[in-house]
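Here the structure is laid out as structure tokens; the discussion comes afterwards.
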Number of protein chains: 2
Amino acid sequence: MALIVKKFGGSSVATTEKIMNIAKRVLGEKQPNDKIVLVVSAMGDTTDDLIELAQGINKNPYQYTREMDMLLTTGEQQSASLMAMAFKTLGQDAVSLTGPMAGVKTNDVYTKGRIKDIKPERVHQELDAGKVVVITGFQGANDLGDYVTLGRGGSDTSAVAIAGALKADSCEIFTDVDGVYSADPRIVPGARKMREITYHEMLEMARLGAGVMQPRSVEMGEYFGIPIHVRSTFTTDTGTFIREDYTMEDKDFVIRGVAHDEKVAKIAVLGIPNTPGIAHEIFSALADANIDVDMIVQSIRNIEKNVTDMVFTVAAGDLPQAKKVVDGVADKLSAVAVLIEEDVAKVSIVGAGMLGNPGTAARMFGALSKAGINIDIISTSEISISCLVKGSMLKEAVNAIHDEFFPKK
Amino acid sequence: MALIVKKFGGSSVATTEKIMNIAKRVLGEKQPNDKIVLVVSAMGDTTDDLIELAQGINKNPYQYTREMDMLLTTGEQQSASLMAMAFKTLGQDAVSLTGPMAGVKTNDVYTKGRIKDIKPERVHQELDAGKVVVITGFQGANDLGDYVTLGRGGSDTSAVAIAGALKADSCEIFTDVDGVYSADPRIVPGARKMREITYHEMLEMARLGAGVMQPRSVEMGEYFGIPIHVRSTFTTDTGTFIREDYTMEDKDFVIRGVAHDEKVAKIAVLGIPNTPGIAHEIFSALADANIDVDMIVQSIRNIEKNVTDMVFTVAAGDLPQAKKVVDGVADKLSAVAVLIEEDVAKVSIVGAGMLGNPGTAARMFGALSKAGINIDIISTSEISISCLVKGSMLKEAVNAIHDEFFPKK
């Protein structure tokens with residue numbers, strides 16, 4: 001007997017036919033005494049359709065965050081009730097519960113809520129009564145009892161948090177892909193499906209551009225110690241387990257994967273006085289404008305005049321706003337110039353294994369060099385190394401590094 | 001300063017444009033210190049669309065009553081949140097509340113719930129904070145916290161019950177028609193809009209086929225003593241007030257209206273022994289099958305043989321089931337024959353005034369007679385008289401009676 005939480009995303013429940021198929025599959029895989037909880041997203045494009053509807057009232061409906069959450073939570077409520085009907089139609093008793101009914105408590109940040117606590121008494125009652133329990137993903141209620149959504153992709157977080165609160169044996173996240181790969185298979189055809197990856201590595205992969213899982217859901221998995229099984233909606237193959245540490249002899253590889261991020265822009269502030277507080281001046285102005293700065297390098301331009309250059313990256317979407325802020329500070333500091341470069345991309349390697357392998361960075365730089373790719377900026381964390389390269393060279397860079405660490409057999 | 005509850009049905013909120021127009025209208029009519037509560041139905045055909053969606057899972061989704069309520073309540077939640085956004089867009093703070101958030105407590109009868117109690121603390125708080133409060137009609141929650149809908153047309157009941165719990169000054173029901181008429185204007189072109197009608201008269205009109213208001217909502221109005229103002233979504237004209245008694249000198253008319261019901265079928269059980277318990281035998285069998293019997297007449301067929309005929313009407317939709325039940329009983333009683341007639345209709349006059357006007361029935365029968373219309377069965381209540389006539393003569397019958405009591409000027 002096991003208690004298993006299974007999460008199905010919007011494309012998996014896009015039609016009533018798909019909903020019936022999922023119910024059939026879940027019942028087909030269910031062992032007699034298993035307790036099953038499903039967490040579902042809204043059907044297909046429902047959420048986008050609802051946002052469009054709201055735009056018929058106001059061009060910018062997200063300014064009304066509480067009302068947007070009232071509106072958007074209806075999508076999951078619909079798919080959850082239909083899924084419960086599907087199980088009942090197949091002869092398996094079932095019940096749908098909204099996030100609040102399932103005891104999901106959030107903070108007050110409408111449209112970007114965080115789960116504070118889960119009180120799953122009702123879920124246990126329904127499971128004990130022999131029902132499959134279908135819970136709406138993406139939502140909970142604040143102390144006032146109002147709906148609060150968890151932001152895009154929040155259904156993953158719901159599923160893992162509910163699995164944690166229920167002390168589930170595992171949490172399965174069903175997606176369009178069949179696991180976590182050593183690189184994006186659209187860029188690296190020979191990318192390998194990982195059998196396992198640690199929470200830390202997965203978080204670092206996500207931070208560096210790999211979009212399989214919402215980072216918050218991985219943090220939840222780590223917090224509750226729930227193994228997350230990322231697998232395909234379309235096949236019954238085993239996918240990738242995200243967990244605290246490896247359980248199998250899968251330590252052959254120094255790194256877990258190559259991540260990349262194209263949505264990056266570089267800003268260089270040239271010729272500013274190299275005095276204490278200069279970095280603070282620039283970056284606190286950006287922080288005040290709510291702009292995250294990623295890779296930073298400061299280099300000496302002219303040691304006699306004590307003049308320096310400050311180069312850093314921001315998310316491409318933040319560039320116009322960042323440029324405005326930086327131009328203001330550069331004026332004040334009498335900088336020589338502010339240069340913008342948009343044709344840049346970040347390529348990163350991630351792996352807890354690199355801690356005990358001092359040559360890892362050298363191998364990465366060597367692979368790029370051999371491929372004739374120039375490195376612009378380097379940054380490192382405990383379990384990752386990132387290089388900024390020309391955007392037009394990104395595909396070559398990812399493949400060169402992948403070939404180095406995951407040699408073709 | 002007044003506290004006013006305004007209810008808008010599905011056709012009034014069918015598009016985002018219509019929702020904006022309602023918000024504009026409500027603000028245009030609002031006095032500075034008025035407190036406004038809106039009760040809204042689901043947009044246009046949303047409820048039907050959701051039922052159709054459920055039929056993609058199961059041909060008969062209403063067997064899963066709890067899940068149907070989970071599904072259908074999303075329609076009102078969408079329109080309510082959009083309505084709140086509309087007010088905010090116009091600069092008027094507003095908040096949408098689900099039935100449960102507004103404190104609407106129901107019994108456990110999913111899809112056909114009844115309101116048990118309303119605890120409107122949250123509504124008062126939001127009104128005191130200067131907000132327009134938009135509440136989802138048609139729904140509440142049972143003790144378990146599950147959604148329970150009030151059945152078709154339940155938004156009227158929600159509105160009146162909420163008005164009662166809030167001790168509102170009035171409850172306005174906005175509809176496609178601009179009030180309660182002395183007859184259906186589609187049948188009687190000269191039908192007159194009534195300025196006032198009592199709860200009892202309105203209930204009797206509804207029972208006898210006039211479909212303006214859900215009877216349960218009128219009962220609620222009577223229970224709470226809340227005047228219900230039935231008026232048009234499209235004009236600002238005064239409509240019809242439903243209240244305990246007339247307040248104006250509008251007592252010119254002995255009756256309030258002529259109601260009719262085409263969805264009637266007649267069953268005649270001929271030649272049964274006239275012994276005690278015969279009526280009980282027939283009608284308890286029908287009651288056991290959950291079939292309501294309306295007009296009943298028992299007549300002597302043959303006094304020597306002590307044989308009688310029993311004639312009665314049922315709702316047309318119940319006919320197949322009723323026929324089956326009656327055939328069984330008729331066999332047992334050795335009845336001569338069971339005859340069915342489907343081309344029948346009921347025409348009724350309603351008015352508290354007829355109590356003090358003994359000639360009212362005679363005037364009704366006379367009008368029918370003058371028009372050459374035969375009366376099949378007659379039944380009466382304290383404030384109504386009904387005649388069963390040939391279905392094909394219904395229009396003539398309604399007009400003849402209407403002309404008698406509301407003479408053309």
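Chain A is the first sequence line, chain B the second, and so forth, proteins listed ahead of strands; every chain is numbered from 1.
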Close contacts, residues 56-65 of chain B versus chain A, judged by heavy atoms under 4.5 Å
Gly56(B), Ile57(B), Asn58(B), Pro61(B), Tyr64(B)
For the CZ atom of Phe87(A) and the CD atom of Glu67(B), what is their distance to the nearest 0.5 Å?
11.5 Å
Top contributor to chain A interface from Gly145(B), Ser96(B), Ser79(B), Pro100(B) [non-hydrogen pairs under 4.5 Å]:
Ser96(B)
Please, which pairs that meet salt bridge (charged side-chain N to carboxylate O under 4.0 Å, His left out) have at least one residue in residues 78-93 of chain A, sequence neighbours excluded?
Lys88(A)-Asp93(A)
If we ignore angles and hydrogens, is there a donor and acceptor under 3.5 Å between the side chains of Thr74(B) and Gln78(A)?
yes
So if I take each residue of residues 16-45 of chain A and look for any heavy atom under 4.5 Å from a heavy atom in chain B, which residues do I end up with?
Thr16(A), Ile19(A), Met20(A), Met43(A)
Crowded around Tyr223(A) OH? As in, over 12 foreign heavy atoms under 6.0 Å?
no
Spell out the residues in residues 106-141 of chain A that have some non-hydrogen atom less than 4.5 Å away from a non-hydrogen atom of chain B, in order of number; otherwise answer 'none'.
Arg122(A)
Closest heavy-atom contact between Met85(B) and Ala54(A)?
SD-CB, 3.9 Å
Between Gln77(B) and Thr73(A), is any pair of side-chain heavy atoms under 4.5 Å apart?
yes
Answer yes or no: are there more than 12 heavy-atom neighbours, outside Glu52(B) itself, under 6.0 Å from its atom CD?
no
Of all of Leu71(B), Leu144(B), Leu97(B), which one pairs up most often with chain A through heavy atoms under 4.5 Å apart?
Leu71(B)
Can you tell which part of Thr15(B) gets under 4.5 Å to a heavy atom of chain A, answering side chain, backbone, both or neither?
neither
